Peer 1: 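Please find one structure pasted underneath; my questions will follow.
Remember, predicted model here, so these are calculated numbers, not experimental data. Quick note on labels: first sequence line is chain A, next is B, and so on, each numbered from 1.
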Amino acid sequence: MHDILIEKKILAENGAIAGANRRAFIERGVYVINMVSSPGAGKTSLIEQMAPLLLEALDAFAVVVGDLEGDLDAVRIAGHGVPVKQITTGRACHLDAHDIAHALQWALDQNTRLLIIENVGNMVCPAEYDLGEDMMVTVLSVAEGDDKPLKYPAIFNTSGALVINKIDLAPYTDFDIGRARRNALAINPVLQIFETSCRTGEGIKEFCAFLAAKALALRREADTNR
Amino acid sequence: MHEMGIASSLLKIIKREMKRSKLKKLKKVRVKIGELTAVEPEALRFCFETSIMDTDLDGAILEIEDVPLTGECVDCGTKFRFQHFVSLCPACGGKKIEKLTGTELDLVSIEAV
């Protein structure tokens, strides 16, 4: 009988590919966000609303969309003049670093400063799969519960920013934005929180400014190191 | 449900290791799963057992160690276990917390002949 000590991360392979993705993106000055949420929280609508502002602020940004099936989201985003790459995951409930590695050259060819990866709608699995992003952004809509951060701590813990979306609906729900903020900050005290509505446009500008500043800072750094 | 993907990553590492060490029969696998991971231990066990059924690895036992989420306060140095995942020092109320354990998703060791 052999007892063999291995002591290895089970997702080490994903981690290694994610690391290579991250290095490639950083070297080219591309800021990458991994956008996650439950299905229907409004990720695609948010990107549609952000498109004109980000195009103005950054000249170029691109989107990779992960879905189980179909290209409905990609078509919507492409309608705003944004380069989009669709990844159909089939049965997989999340994107992994390998999926992004396949899209990497396409993304670099877009000469973009910001890449938004719209993950598959799911609040559990994406938490474990590093894609090589600079920041994970969780979108939570007020049509969901304000206790969600406490129920899905892993994803809120991994995220750098939280977008509370559909705030125009808040008066019609029991969702308490203050409580949602407190719950999210209890799990992750350094989380940056934004409130948005794709219907009224509220908060979109602030969130875009935040992302644009991150992207420009990374680009400056990449230019300095070149 | 991503435990199937995790089980398959786990088995990939194990098969590689067994081949390298010229081992034929897998007896036991020890893994650590941190409290903060989005992995459900029983779902992982189900996926592991389903994946090895009727293969050379059939019959191997998966031993799962659940690792609690613990941290250390950067300000006062208190070490504590998180309650309900809340990132707050119970001693001084500090919010700068270094996680010590609870994020593991590790293959620790295997027993094989």
Peer 1: Is the count of non-hydrogen atoms from other residues, nucleotides or ligands lying under 6.0 Å from B:Lys79 atom NZ greater than 12?
Peer 2: no
Peer 1: Would you name the heavy atoms of A:Ile4 and B:Ser21 that are closest together and state the gap between them?
Peer 2: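 Looking at all heavy atoms of both residues, the shortest contact is CD1-OG, 3.9 Å.
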Peer 1: For atom CG of B:Asp58, is the number of surrounding heavy atoms from other residues, nucleotides or ligands below 6.0 Å larger than 12?
Peer 2: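 Enclosed.
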Peer 1: Check each atom of B:Ile13 against the heavy atoms of chain A and say whether the ones under 4.5 Å are side chain, backbone, both or neither.
Peer 2: side chain
Peer 1: With a 4.5 angstrom heavy-atom cut-off, which part of B:Lys28 approaches chain A: side chain, backbone, both or neither?
Peer 2: neither
Peer 1: Pick one of side chain, backbone, both or neither for B:Arg16, based on which atoms fall under 4.5 Å of a heavy atom in chain A.
Peer 2: side chain
Peer 1: Give me the contact list for residues 94-113 of chain B versus chain A, heavy atoms only, anything under 4.5 Å, ordered by residue number.
Peer 2: B:Lys95, B:Lys99, B:Leu105, B:Asp106, B:Leu107, B:Val108, B:Ser109, B:Ile110, B:Glu111, B:Ala112, B:Val113
Peer 1: Between B:Arg30 and A:Glu7, is there a salt bridge with N-O shorter than 4.0 Å?
Peer 2: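 The answer is no: the pair does not qualify as a salt bridge.
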Peer 1: Evaluate the side-chain proximity of A:Asn188 to B:Ser87: yes if any heavy-atom separation is below 4.5 Å, no if none is.
Peer 2: no
Peer 1: Heavy-atom count check: over 12 atoms from other residues, nucleotides or ligands less than 6.0 Å from A:Asp174 CG?
Peer 2: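 For A:Asp174, atom CG is not crowded (no more than 12 foreign heavy atoms under 6.0 Å).
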Peer 1: Quick one: of A:Met123, A:Glu128, A:Glu13, who has the most non-hydrogen atom pairs under 4.5 Å with chain B?
Peer 2: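 Counting heavy-atom pairs under 4.5 Å, the top option is A:Glu128.
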Peer 1: So, do B:His84 and A:Leu150 sit near enough that their side-chain heavy atoms are less than 4.5 Å apart?
Peer 2: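 No, too far: nothing below the 4.5 Å cut-off.
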Peer 1: Which bit of B:Leu23 comes within less than 4.5 Å of chain A, counting heavy atoms only: side chain, backbone, both or neither?
Peer 2: side chain
Peer 1: Would you call A:Asp3 and B:Lys27 a salt bridge, taking side-chain N to carboxylate O under 4.0 Å as the test?
Peer 2: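 No.
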Peer 1: Quick one: SG on A:Cys125 to CD on B:Glu3, what's the gap to the nearest 0.5 Å?
Peer 2: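 Here the interatomic distance stands at 6.5 Å.
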Peer 1: Would you say A:Tyr129 and B:Ile6 make side-chain contact, with heavy atoms under 4.5 Å?
Peer 2: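 A:Tyr129 reaches B:Ile6 side chain to side chain.
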Peer 1: Out of A:Ile10, A:Asp96, A:Asn14, which one pairs with B:Ser9 under the side-chain contact (heavy atoms from CB on, under 4.5 Å) rule?
Peer 2: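 Of all the options given, the one that passes is A:Ile10.
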